[in-house]
K.L.:
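My questions all concern the structure below.
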Amino acid sequence: MKTVTGSISAICGLMLSCYWVPASAATVAVSPGTGGLQQAISAAEAGDTLVLAPGRYHGPIIIDRAISLTAESPATSVIVGDGAQHVIVVAAADVSIQNLKITGSGEDLSTEDSGIFVTEAGDRALIRNNHIEGNLIGIYLKGPSDARVIGNRIIGRDDLHLSEAGNGIHLWNTPGSIVEDNDVSGGRDGIFVTTSRDNIFRNNRFRDLRFAIHYMYTNHSRVENNRSTGNHMGYAIMFSSHLQVYNNVSIDDRDKGIVLNFTNDSEFAGNDVNGSPEKCLFIYNSHFNSIQRNRFRGCDIGVHFTAGSEDNSIFSNSFDGNRMQVKYVGTRLLEWSENGVGNYWSDHIAFDRNRDGIADNHYQPNNLVDQIVWRHSSAKVLLNSPALQLLHWAQSQFPALHPGGVVDSAPLMQSQFVSQQ
């Protein structure tokens with residue numbers, strides 16, 4: 001039985017479009033049963049809301065009109081796929097899917113089997129507060145504009161080899177889309193985005209993945225207030241530009257906290273990387289980035305940069321308790337201070353006689369012996385030899401022998417980092 005709900009108009013926030021619902025929109029109660037859900041969708045009119053009673057519903061289903069699909073109570077209505085394809089396909093604009101449990105997709109990466117697959121026709125799709133578990137790919141946005149993925153719990157397949165697993169949320173060419181407040185675990189990457197622009201990823205949580213967030217060929221976008229815990233890598237930003245990466249956290253990620261690979265003209269501020277066994281920050285062939293007010297702590301290497309990567313602005317950061325603060329193999333002297341403000345280095349022993357918060361002597365993290373060992377790894381066996389000890393002494397007495405590297409002419413006496421999470 002249908003119940004008229006009246007006309008509804010919603011004014012959406014920044015970067016979101018308005019949703020129009022016709023006056024004839026109705027609420028339709030749907031009960032479990034083979035084929036019943038697809039039949040109800042096929043009988044619905046644009047603007048209708050289908051409310052699913054608790055129980056199991058058989059997929060796959062295709063939503064080809066602007067309707068809302070929801071449950072009487074969150075996660076009590078379960079849509080189960082056939083294990084061979086997508087569970088839900090969204091092939092119309094202005095579709096809403098909320099409060100459901102979705103499981104049972106196929107496991108073929110070549111056909112991109114997903115719990116929810118949104119086609120390029122699915123502009124302004126809203127996927128909110130769903131429990132999506134046991135699918136190859138959790139949610140795939142393939143081509144729609146201005147989609148929203150909000151507040152979902154996504155648990156990937158942990159029974160597959162990493163090369164066979166899918167991503168929690170996968171985006172391709174989906175400009176203006178927002179992914180926020182989701183909890184993603186298991187599978188390959190938490191969010192993987194490629195060939196897109198004007199996206200916002202914020203307030204998401206990631207664990208037990210390869211990468212928390214993986215960027216490829218995506219520009220003019222924002223990544224903020226996300227948390228990565230115990231993944232292989234936190235934030236892999238690759239072949240992208242004009243990004244704002246603010247106030248994200250990486251805790252105990254196995255290999256690296258943040259990676260910049262061919263990343264240019266972007267801003268990284270307020271990020272906190274803590275306890276990566278390998279590197280807090282790795283910069284490869286990336287230029288003209290602003291890296292400031294971040295904290296890199298408790299890693300084997302605070303920041304490693306190579307393949308150029310010398311034209312970046314790096315100041316007001318905190319390098320705290322890393323076994324090696326900076327690794328740079330090059331001959332140029334690079335200044336890591338700006339307008340009289342440098343970085344905080346926990347291993348810098350210095351005085352501040354005028355009490356202006358800036359150390360009286362500059363900081364230079366790497367010496368000639370470091371350069372020799374990096375270039376010729378077999379030289380490590382000679383670290384305690386008289387020859388290398390003599391080099392240490394000679395460089396301390398004659399600073400002009402320094403081969404190049406990072407120089408902070410205005411190191412901070414105290415960390416200026418303030419956590420935003």
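The chain is numbered in sequence order, starting from 1. Worth saying up front: this structure is predicted, and the values here are computed from it rather than measured.
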K.L.:
Not counting sequence neighbours, which residues clear side chain to side chain donor-acceptor pair (under 3.5 Å) with His348? List them please.
P.N.:
none
K.L.:
Hey, is the main chain of Ile132 close enough, under 3.5 Å, to the side chain of Asn130 for a donor-acceptor pair?
P.N.:
no
K.L.:
Out of the candidates Glu267, Arg222, Glu224, only one should pair with Tyr246 under the side-chain hydrogen bond (donor to acceptor under 3.5 Å, both in side chains) rule; please name it.
P.N.:
Glu267
K.L.:
How many angstroms lie between atom CG of Asn129 and atom OG1 of Thr70, to the nearest 0.5 angstrom?
P.N.:
9.0 Å
K.L.:
Is there side-chain contact between Gln85 and Phe117, with at least one heavy-atom pair below 4.5 Å?
P.N.:
no
K.L.:
What's the spacing between His131 NE2 and Thr103 OG1 if we round to 0.5 Å?
P.N.:
8.0 Å
K.L.:
For Phe288, is there any backbone N or O sitting under 3.5 Å from a side-chain donor or acceptor partner on Asn264?
P.N.:
no
K.L.:
In Å and rounded to the nearest 0.5 Å, what is the CD1 to CG distance from Ile154 to Asn182?
P.N.:
5.5 Å
K.L.:
When the ring centroid of Phe201 is compared with that of Phe206, is the distance short of 6.0 Å?
P.N.:
no
K.L.:
Do Phe268 and Thr263 have side chains that approach each other closer than 4.5 Å (heavy atoms only, starting at C-beta)?
P.N.:
yes
K.L.:
Under the side chain to side chain donor-acceptor pair (under 3.5 Å) rule, what do Asn289 and Ser286 come out as? Steps first, then yes or no, please.
P.N.:
CA-CA 7 Å; Asn289 300 292; Ser286 298; 4.8 Å; no
K.L.:
Scan side-chain atoms only and decide if Gln416 and Tyr344 contain a donor-acceptor pair under the 3.5 Å cut-off.
P.N.:
no
K.L.:
Just wondering, more than 12 heavy atoms not from Glu120 lying within 6.0 Å of its CD?
P.N.:
no
K.L.:
Evaluate the side chain to side chain contact (heavy atoms under 4.5 Å, CB included) criterion for residues Val273 and Leu281: first the C-alpha distance (whole Å), next the side-chain angles of each, then the deciding distance (0.1 Å), finally the verdict.
P.N.:
CA-CA 8 Å; Val273 180; Leu281 172 65; over 6 Å; no
K.L.:
Using atom types as modelled and distance alone, determine if a side-chain donor or acceptor of Asn135 lies under 3.5 Å from a backbone N or O of Ile102.
P.N.:
yes
K.L.:
Decide if atom CZ of Arg197 counts as having more than 12 heavy atoms of other residues, nucleotides or ligands within a radius under 6.0 Å.
P.N.:
no
K.L.:
Can you find a pair of side-chain heavy atoms, one from Glu180 and one from Ile150, that are under 4.5 Å apart?
P.N.:
yes
K.L.:
Are Ser409 and Glu335 packed together at the side-chain level, in the sense that at least one heavy-atom pair is separated by less than 4.5 angstrom?
P.N.:
yes
K.L.:
Check step by step if side chain to side chain contact (heavy atoms under 4.5 Å, CB included) holds for Met233 and Asp253.
P.N.:
CA-CA 5 Å; Met233 189 183 299; Asp253 287 326; 5.8 Å; no
K.L.:
Exactly one of Arg254, Lys327, Lys256 should register a salt bridge (charged side-chain N to carboxylate O under 4.0 Å, His left out) with Glu278. Which one does?
P.N.:
Lys256
K.L.:
Does OH belonging to Tyr284 count more than 12 external heavy atoms closer than 6.0 Å?
P.N.:
no
K.L.:
With distance as the sole test, does Ser221 use its side chain to make a donor-acceptor pair with the main-chain N or O of Asn199 at under 3.5 Å?
P.N.:
yes
K.L.:
Give, for atom CG of Asp265 and atom CG of Asn219, the distance between the pair rounded to the nearest 0.5 Å.
P.N.:
10.0 Å
K.L.:
Do Asp158 and Asp208 come close enough that some side-chain heavy atom pair is under 4.5 Å?
P.N.:
no
K.L.:
Please determine whether side chain to side chain contact (heavy atoms under 4.5 Å, CB included) holds for the pair Asn231 and Phe211, giving the CA-CA distance in whole Å, both sets of side-chain angles, and the decisive distance to 0.1 Å.
P.N.:
CA-CA 6 Å; Asn231 302 300; Phe211 303 157; over 6 Å; no
K.L.:
Without swapping roles, check the side chain of Asn294 against the backbone of Asn271 for a donor-acceptor pair under 3.5 Å.
P.N.:
yes
K.L.:
Measure the CG-CD distance between Asn152 and Gln98 for me, rounded to the nearest 0.5 Å.
P.N.:
9.5 Å
K.L.:
Could you tell me if the side chain of Phe417 sits less than 4.5 Å from the side chain of Asp320, heavy atoms only?
P.N.:
no
K.L.:
For a side-chain hydrogen bond (donor to acceptor under 3.5 Å, both in side chains) with Arg210, tell me which candidate from Asp189, Asp255, Asn167 qualifies.
P.N.:
Asp189
K.L.:
Nearest 0.5 Å, what's the CD1-CG distance between Ile314 and Asp408?
P.N.:
10.5 Å
K.L.:
Report yes or no: do Tyr363 and Asp347 form a side-chain donor-acceptor pair below 3.5 Å?
P.N.:
yes
K.L.:
Do Leu109 and Leu136 have side chains that get closer than 4.5 Å, going by heavy atoms?
P.N.:
yes
K.L.:
For the CZ atom on Arg153, are there more than 12 heavy atoms of other groups (residues, nucleotides or ligands in this structure) within a distance under 6.0 Å?
P.N.:
no
K.L.:
If only atom types and distance count, is the side chain of Asp113 paired as donor or acceptor with the main-chain N or O of Ser105 below 3.5 Å?
P.N.:
no
K.L.:
With the threshold set at 4.0 Å, does a side-chain nitrogen-carboxylate oxygen contact exist between Arg202 and Asp181?
P.N.:
no
K.L.:
Does the side chain of His86 come within less than 4.5 Å of Ser114's, by heavy atoms?
P.N.:
yes
K.L.:
Does Ile62 CD1 have over 12 foreign heavy atoms under 6.0 Å away?
P.N.:
no
K.L.:
Using atom types as modelled and distance alone, determine if a side-chain donor or acceptor of Ser240 lies under 3.5 Å from a backbone N or O of Thr218.
P.N.:
yes
K.L.:
Side chain to side chain contact (heavy atoms under 4.5 Å, CB included) for Ile237 and Ser266? Distances and angles first, verdict last.
P.N.:
CA-CA 10 Å; Ile237 312 297; Ser266 297; over 6 Å; no
K.L.:
Any salt bridge between Arg124 and Asp146, counting N to O under 4.0 Å?
P.N.:
no
